[in-house]
Every structure is written in C-alpha cells, then in structure tokens.
Amino acid sequence: MARALCLARRGLYSTDPNPRVGCVVVKNDEIVGEGWHERAGEPHAEVHALREAGERAHAASVFVTLEPCCHQGRTSPCTDLLVQAQVGRVVVAMEDPNPEVNGGGLAALKSAGLRVEVGQLREQAETLNPGFVSRMRRRRPFVRAKLAASLDGRTAMRSGESQWISGEAARADVQRWRARSSAILSGIGTVLADDPALTVRDLQVGRQPLRVVVDTHLRTPPTAKLLVQDGAVVIITASNDGERAQRLQQAGAEVVCLSGENGSVDLHELMRHLGVREVNEVLLESGATLCGSLLQAGLVDELLIYLAPTLMGDEARGMFRLPGLERLQDRIELEIKDVRAVGRDWRFIAKVRREA
C-alpha cells in the first residue's frame with residue numbers, strides 16, 4: 001500500500017478534479033503490475049495496473065489507495081475489471097466518499113466472491129486527497145491559506161511594501177502548492193496593491209488553476225495582470241453594477257454575484273459555488289482582511305506559513321484581521337502538522353482546530 005500511495009502522488013498536479021489514486025498488483029510476493037490515475041477522463045489506476053499484470057493478475061492481491069469505482073462515468077467501472085481479471089483479494093486504503101460509490105464498490109467486489117480488506121494506511125490516503133474528500137463530504141473545497149511573514153508575524157510594511165519577505169526557495173515551494181491546487185483565491189486589496197498573475201510558474205504541469213478574486217464592488221481593473229494571463233478567472237462580487245461587470249467580462253473574466261449581509265460577499269456561498277465547480281483544493285493568497293474573514297467564518301482548514309528570519313516592527317501589517325478576539329477563550333487553536341526549513345525560511349503547516 002505504501003508503494004501504491006507513492007504512485008498516487010505522481011498525479012498530484014494532474015488528476016484534478018479527480019482524486020489521486022495508485023494501484024499495485026502482487027502475485028507470490030512480487031509486484032507484477034502497477035499504475036496510477038494520471039488525469040480526469042483517462043484510465044484509472046486499476047486499469048493501468050491490471051494491463052501491466054496481464055494473466056498474472058489471476059488470483060493476485062490488488063492494493064489500491066481508494067475504493068474502486070462501481071459506476072459508469074467517463075470510464076467503465078473498475079469493479080467490473082477486477083472481477084473479470086479474477087483477482088483473489090482487493091486491499092483498499094479508504095472508502096470512496098463520492099455518494100455514487102461510497103461502499104458500493106466494496107459491496108460489488110464482495111458479492112462477486114473477492115476477499116476485500118479496508119483501512120490499510122487510511123490516514124495517509126485521506127491526507128493525499130484532502131480536497132476531494134472535503135468536496136464529497138462537506139460540499140466545499142479544502143482551503144489552505146498561504147502567508148509569508150517576518151518572525152514577528154508581519155506580512156507587509158505599513159506602506160504595503162511586501163516583496164520579498166520570503167526567500168527564493170520558499171517562493172519556489174509556493175509554486176508547487178499552487179500547482180496542486182484547483183483554484184487560487186485572492187481579494188481585491190491584493191489585486192490592487194500587487195497586481196499578481198496568480199499563475200503557476202517554472203513548473204510544466206499542463207494546466208493553470210482557476211483564479212478567483214473576491215471583489216465586493218467590482219474594482220478589478222480590466223487591465224489587471226491576472227486577466228491577460230492564460231487560464232480562467234472568476235470574480236466574485238456583491239455588486240449589481242452591470243457596466244463594470246460587462247467590462248470585466250469583455251476582458252475575459254466570469255463575474256458571479258454572491259451577495260450576503262451588509263452588502264458583502266457571502267463567503268459560505270462562495271465555497272458552495274466552488275464545490276459545484278468541482279474545485280477540490282483552494283490556495284488562499286490574500287491580505288489580512290479576507291484571510292481573517294474566512295478564518296473566522298470557519299472556512300480555512302490549513303495554514304501554510306513561511307516565516308522569514310527578519311523583524312518588521314509593530315507598525316507593519318499583520319497576517320489576519322480578527323476583530324472580536326478579546327479573551328483567551330476566543331482564540332483560534334491550531335495543530336502544528338509539519339515544520340521544516342525551506343532555504344533561509346521556516347515553513348509551518350498548521351491545521352485549524354474546529355472544536356476550538
């Protein structure tokens with residue numbers, strides 16, 4: 001199963017919106033076939049592994065990181081292929097949370113007389129597909145907030161100057177996180193201040209993430225850099241200004257109005273909208289206001305923070321705008337999942353603890 005998970009990771013940048021899945025066929029303690037799902041619409045991991053195994057798949061054990069599908073989608077059901085190959089045992093890391101499968105694949109295999117085992121390296125398998133699991137279970141994507149800050153937690157000088165806080169190695173690492181994401185989410189403040197392209201650079205991944213901008217009053221300039229780059233752009237607004245919307249649409253953007261209370265964008269509706277668009281993982285790259293609003297709304301799942309060995313002072317801008325936190329019991333609890341050096345900086349990955 002560990003080998004199957006390694007194979008699944010090869011699809012880290014390419015399978016979206018499908019999950020990353022790996023498969024290994026073992027006969028007489030020897031790997032006779034292996035494969036991984038490479039991209040949506042193409043054969044699943046089981047297909048590649050069974051093709052490589054050929055006749056040796058008969059009575060073999062199959063290790064797969066996600067429950068084999070049992071429904072007709074863009075490809076045929078993998079359960080049928082496993083039964084036809086007459087494998088003897090199927091070991092599955094985790095059930096497929098997709099309602100169209102969700103135990104149905106396991107039941108189909110058992111009814112055909114195959115031995116089925118579930119749960120081997122389950123946690124690692126779920127960690128590989130946080131966005132797909134989130135979209136299937138919660139109907140919204142997994143949101144990862146990326147921030148670069150000084151050691152005293154500052155993301156920009158009072159003037160707004162912020163390039164570059166983190167070092168070259170950290171910025172290259174961010175490109176890998178962008179590449180695995182379905183969408184990059186930012187706010188109008190960041191667009192106006194930095195004019196970012198929000199694209200994957202220096203990695204040949206064959207696709208660009210959807211770029212999403214929360215722009216309450218449609219202030220995005222039609223000449224913004226993100227609109228002249230290849231790839232889709234969606235501007236989420238609360239404004240009904242048809243003239244501004246038309247200018248942005250003519251510049252290549254899709255404009256979606258998701259108005260909430262007090263004339264602001266409804267962030268929960270935003271996440272539901274992204275879920276409907278089959279967005280699995282969102283990389284949030286924005287200023288303190290949008291980051292803080294999403295965090296307080298319970299819509300940030302993980303923090304990806306690069307801390308540079310510098311101090312920027314108490315007048316510089318902070319990471320989050322979090323009004324209303326006045327007592328210790330109001331604080332937002334985090335669970336540190338990983339800490340490592342990336343060039344001259346330190347990278348922290350922290351899970352937001354919902355029970356807090």
Side-chain angles (χ1 to χ4, degrees), residues 130-131 133-135 137-156 160 162 165-166 174 177-178 180-191 193-194 196 198 209 211-216 236-238 258 260-275 279-307 312 316-339 346-356:
V133 171
S134 175
R135 182 163 63 85
R137 291 179 179 169
R138 303 186 296 178
R139 296 295 182 265
R140 73 164 181 85
F142 181 92
V143 179
R144 179 181 291 116
K146 187 277 294 183
L147 301 110
S150 60
L151 201 58
D152 54 348
R154 304 297 173 171
T155 61
S162 63
I165 294 174
S166 57
V174 169
W177 289 98
R178 284 186 177 185
R180 68 173 285 170
S181 301
S182 311
I184 300 173
L185 174 62
S186 194
I188 183 59
T190 299
V191 171
D194 299 335
L198 301 177
R211 287 163 295 161
V212 183
V213 177
V214 175
D215 181 3
T216 303
I236 307 296
T237 186
L258 297 175
E261 296 180 357
N262 302 319
S264 61
V265 168
D266 188 323
L267 297 177
H268 289 276
E269 280 300 317
L270 165 60
M271 290 304 157
R272 281 190 282 269
H273 176 79
L274 294 178
V279 169
N280 287 340
E281 294 182 32
V282 170
L283 186 64
L284 172 62
E285 299 193 41
S286 73
T289 299
L290 182 57
C291 273
S293 296
L294 285 165
L295 190 59
Q296 288 191 308
L299 295 173
V300 174
D301 300 294
E302 188 173 89
L303 302 180
L304 176 67
I305 300 176
Y306 298 87
L307 287 185
M312 294 170 61
R317 301 181 183 182
M319 288 190 277
F320 304 98
R321 184 175 182 275
L322 298 170
L325 300 187
E326 299 178 355
R327 299 168 299 175
L328 279 176
Q329 67 184 51
D330 299 326
R331 61 190 174 185
I332 296 172
E333 295 281 354
L334 307 175
E335 178 184 351
I336 303 298
K337 306 296 290 187
D338 184 79
V339 181
W346 285 93
R347 189 189 76 188
F348 289 76
I349 297 177
K351 175 184 177 183
V352 180
R353 292 177 56 181
R354 295 295 174 214
E355 62 270 20

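We're numbering straight along the sequence, starting at 1.
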For [X] against [Y], the heavy-atom pair lying closest together:
X: A148; Y: I165; value: O-CD1, 3.9 Å
X: T216; Y: G263; value: CG2-O, 3.2 Å
X: L284; Y: C291; value: CD2-SG, 3.8 Å
X: P141; Y: L274; value: CG-CB, 4.0 Å
X: V352; Y: I332; value: CG1-CG2, 4.1 Å
X: P196; Y: T190; value: CD-O, 3.6 Å

How long is the straight-line distance from [atom2] of [Y] back to [atom1] of [X], given to the nearest 0.5 Å?
X: E285; Y: R211; atom1: CD; atom2: CZ; value: 12.0 Å
X: T155; Y: R317; atom1: OG1; atom2: CZ; value: 7.5 Å
X: F320; Y: L325; atom1: CZ; atom2: CG; value: 11.0 Å
X: I349; Y: L334; atom1: CD1; atom2: CG; value: 13.0 Å
X: L290; Y: L267; atom1: CG; atom2: CG; value: 6.5 Å
X: F142; Y: L299; atom1: CZ; atom2: CG; value: 12.5 Å

Backbone N/O of [Y] and side chain of [X]: donor-acceptor pair under 3.5 Å:
X: R154; Y: A316; result: yes
X: T237; Y: D215; result: yes
X: S186; Y: V213; result: no

Side-chain touch [X]/[Y], heavy atoms, less than 4.5 angstrom:
X: Q296; Y: P323; answer: yes
X: D301; Y: E281; answer: no
X: V279; Y: H273; answer: no
X: M271; Y: L185; answer: yes

- Task: Give me the one residue out of L303, I184, L304, I305 that meets side-chain contact (heavy atoms from CB on, under 4.5 Å) with K146.
- Result: L304
- Query: Do E302 and K337 meet the salt-bridge criterion of a basic N to acidic O distance under 4.0 Å?
  - Reply: no
- Message: Looking at W346, I want to see if its CH2 is surrounded by more than 12 non-hydrogen atoms of other residues, nucleotides or ligands under 6.0 Å.
- Response: no
- Task: Mark yes when over 12 heavy atoms from residues, nucleotides or ligands other than R272 sit less than 6.0 Å from its CZ; otherwise mark no.
- Result: yes
- Task: Using only heavy-atom distances, determine whether the side chains of S134 and R138 contain a donor-acceptor pair under 3.5 Å.
- Result: yes
- Does the side chain of D152 come under 3.5 Å of the side chain of S150 through a donor N or O and an acceptor N or O? yes
